[in-house]
Amino acid sequence: MKKVGVAILGLGVVGGGTYKILTEHREFYRKTQDVDIVVESVLELNRERALSLGVPEEKIASNIAEVVCNPDVNIVVEVIGGVGVAREFVLSALNAGKTVVTSNKELVCKFSHELERAAKRQNAGLYFEASCVGGVPIIRTLLDGLQANHITSMMGIINGTTNYILTKMSEEGTSYEDALKQAQALGYAEANPTADVEGFDAAYKLSILSSLAFHTKVPFAKIYREGISSVTQEDIAFGKELGYVLKLLAIGKQTEHGIEVRVHPTYVKKEHPLASVNDSFNAVYLTGDAVEDVMLFGRGAGALPTGSAIVSDIIYAATHSENRYSTFKNNATAEKDVKFVNDFKSAYYLRLTVADKAGMLSKISAIFGRHNISIVEMIQKAAIQDGKVPLILITHVTKELAIRNAVEKINALEGVASVDTVLRVVS
Ligand code: HSE
């Protein structure tokens, strides 16, 4: 039986989960895959942690050279994160001809061109199923299952931490800070949660997924990004009243004007399939020209779900003699003729605080009219203080630039105390 040796760089949450799956399922893979996958080496500075997970002392390496020079190691799993040491270690593994399996979305997003070049040079594999949407097999779906299609749109909840926070805030009235602490304790959040709550993590993943879906590099810099750190209980409650659930959505579209990629908090109609994706669960809703709509759902974070994706890559690499790479020319930037859309279209939710006096509504709607923005719904709430009232508006689909210009004009109107919130809406 073919024997394949694995090294794991980093035994944190995901590294620990991967070690557990590989050791507990070894016999199962021998039977079902006809391959003996053995953990030959781990690189973990905290030796106690490695020993407590059951790693035999002699398998704990003390530096990367020991791992990449080990002839028994065929596949190196990188679960360190970040683009410092992780990039250096992955490159040295690839340069030594080892196949690399990584869960590192920032690394793949920013350096896939460099890593893929190194892999191809050495005829090594480079696999990253675990970099996007944890245990949900989205990369393999894009590379295999949906290759027949032109993917026209992709809409996903692809960050578990923010989905957990928004769910707790919405369903239990938990504060943003408490919900974030809980997500960290459950092992969903990145080491620095700014990456989660400010939408960086989702944007790295969207860059990878849209590059695969649209067959060109979609650089991180092309993604419009807004996080959830300024989301308020008030807006969640008003949204609910109007029949919407607030989610951090990652959206990628192939339009006649070019590729549109964005990550931002978005109101989703409560009947939409993405509205019921709660807690740390993730989902991606794809549309292809032949297949129409496909939705994948599952755990996007955590030790075993992400470990599941890593081990699926290990098994793929261990059982295939040909490596697979991107379906596009993997450069640092998109092809020259690829266009990106900045002035995208969406419906909008706005919350204003205005003086409760005659004529306010007509002045505001006149500004919308001048910007060709049509209003679907408008609610005025009871006065809060000093004769000021919250005013909530939902618009029809319009252009981002039109909304920004209208908001600037509305902000300057006498009687408008503030434009408190501008959020996008998917119906
Ligand atoms: N911090 C990430 C999340 C983990 O919350 O989804 C998986 O990338």
Side-chain angles (χ1 to χ4, degrees), residues 1-44 49-61 67 70-80 90 93 97-105 124-145 160 186-188 280-284 296-324:
M1 184 181 293
K2 183 177 175 189
K3 190 173 170 200
V4 171
V6 172
I8 305 176
L9 311 182
L11 278 188
V13 173
V14 175
T18 303
Y19 183 78
K20 183 175 158 67
I21 298 172
L22 281 176
T23 46
E24 289 182 1
H25 291 186
R26 180 171 168 190
E27 206 41 50
F28 175 57
Y29 303 144
R30 282 170 60 92
K31 278 202 194 114
T32 58
Q33 308 291 332
D34 200 24
V35 63
D36 190 20
I37 302 174
V38 189
V39 180
E40 290 290 354
S41 177
V42 302
L43 184 59
E44 170 57 52
R49 158 104 181 134
L51 292 170
S52 73
L53 287 172
V55 180
E57 181 117 43
E58 68 279 9
K59 301 243 163 154
I60 308 176
V67 175
N70 184 339
D72 294 332
V73 170
N74 309 98
I75 298 174
V76 173
V77 175
E78 183 273 313
V79 276
I80 300 167
V90 164
K98 312 286 186 197
T99 282
V100 167
V101 171
T102 178
S103 63
N104 191 330
K105 51 248 150 190
L126 175 65
Y127 299 98
F128 47 90
E129 180 66 70
S131 66
C132 296
V133 203
V136 178
I138 180 71
I139 306 269
R140 195 77 38 80
T141 299
L142 287 170
L143 284 173
D144 284 334
L186 288 163
Y188 304 146
S280 73
F281 282 99
N282 282 198
V284 184
L296 296 174
F297 167 89
R299 287 215 182 269
L304 295 178
T306 312
S308 158
I310 290 175
V311 175
S312 84
D313 274 347
I314 294 173
I315 292 173
Y316 183 95
T319 54
H320 288 74
S321 49
E322 291 288 307
N323 300 312
R324 19 186 355 173

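In what follows, every heavy atom counts, from backbone to side chain, and hydrogens, waters and symmetry copies are set aside.
- Side-chain atoms of Val79 and Asn104, non-hydrogen and from C-beta on, never get closer than 4.5 Å to each other.
- One distance of note links NZ of Lys31 with CZ of Arg26; it measures 13.0 Å at 0.5 Å rounding.
- With respect to the salt-bridge test (charged N to carboxylate O, under 4.0 angstrom), the residues Lys2 and Asp34 do not qualify.
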Legend entry - Evaluation steps, side chain to side chain contact (heavy atoms under 4.5 Å, CB included), between Val284 and Val133: CA-CA 8 Å; Val284 184; Val133 203; 4.1 Å; yes

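- Nearest approach of Lys98 to Val76, heavy atoms of both residues: CB-CG2, 3.9 Å.
- Listed here is the closest heavy atom pair of Leu43 and Ala61: CD1-O, 3.4 Å.
- Of all heavy-atom pairs spanning Ala130 and Asp313, the tightest one is N-OD2, 4.3 Å.
- In this structure the side chain of Val6 never reaches within 4.5 angstrom of the side chain of Val38, judged on heavy atoms.
- Atom CG of Asn74 and atom OG1 of Thr99 lie 8.0 Å apart (nearest 0.5 Å).
- In this structure, the separation between OG1 on Thr319 and OH on Tyr29 is 12.0 Å, given to the nearest 0.5 Å.
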Can you give me every donor-acceptor pair (side chain of residues 8-21, partner residue at least two apart or in another chain, under 3.5 Å) with its distance?
unit_1, atom_1, unit_2, atom_2, d
Thr18, OG1, Val14, O, 2.8
Tyr19, OH, Gly54, O, 3.3
Lys20, NZ, Glu24, OE2, 3.0

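- The nearest pair of heavy atoms linking Ile139 to Ser131 is CD1-OG, 4.4 Å.
- Remark: Ile314 CD1 to Gln33 CD distance equals 12.0 Å, nearest 0.5 Å.
- Between Lys3 and Asp72 no salt bridge is recorded (no basic side-chain N to carboxylate O distance below 4.0 Å).
- Put simply, SG on Cys132 and CD1 on Ile138 are 8.0 Å apart, with the number rounded to the nearest 0.5 Å.
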Inset, instruction - For the pair Arg30 and Asp36, evaluate salt bridge (Lys or Arg N to Asp or Glu O under 4.0 Å) and give the outcome as yes or no after the intermediate values. - result: CA-CA 5 Å; Arg30 282 170 60 92; Asp36 190 20; 3.3 Å; yes

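- With respect to Glu44 and Arg49, no salt bridge is recorded, no charged nitrogen being found less than 4.0 Å from a carboxylate O.
- Looking only at side-chain heavy atoms (C-beta outward), Asn323 and Tyr127 come within less than 4.5 Å of each other.
- Here the shortest heavy-atom pairing between Arg324 and Tyr316 reads CD-OH, 3.1 Å.
- Atom-to-atom distance recorded for Thr23:OG1 and Leu53:CG is 9.0 Å, nearest 0.5 angstrom.
- When atom types are taken as modelled, the side chain of Glu129 and the backbone of Arg140 share a donor-acceptor pair closer than 3.5 angstrom.
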Output a table of donor-acceptor pairs, distance under 3.5 Å, between side-chain atoms of residues 296-312 and any protein atom two or more places apart or on a different chain; print 'none' if there are none.
unit_1, atom_1, unit_2, atom_2, d
Arg299, NH1, Ser280, OG, 3.0
Thr306, OG1, Gly302, O, 2.8
Ser312, OG, Ala309, O, 2.9

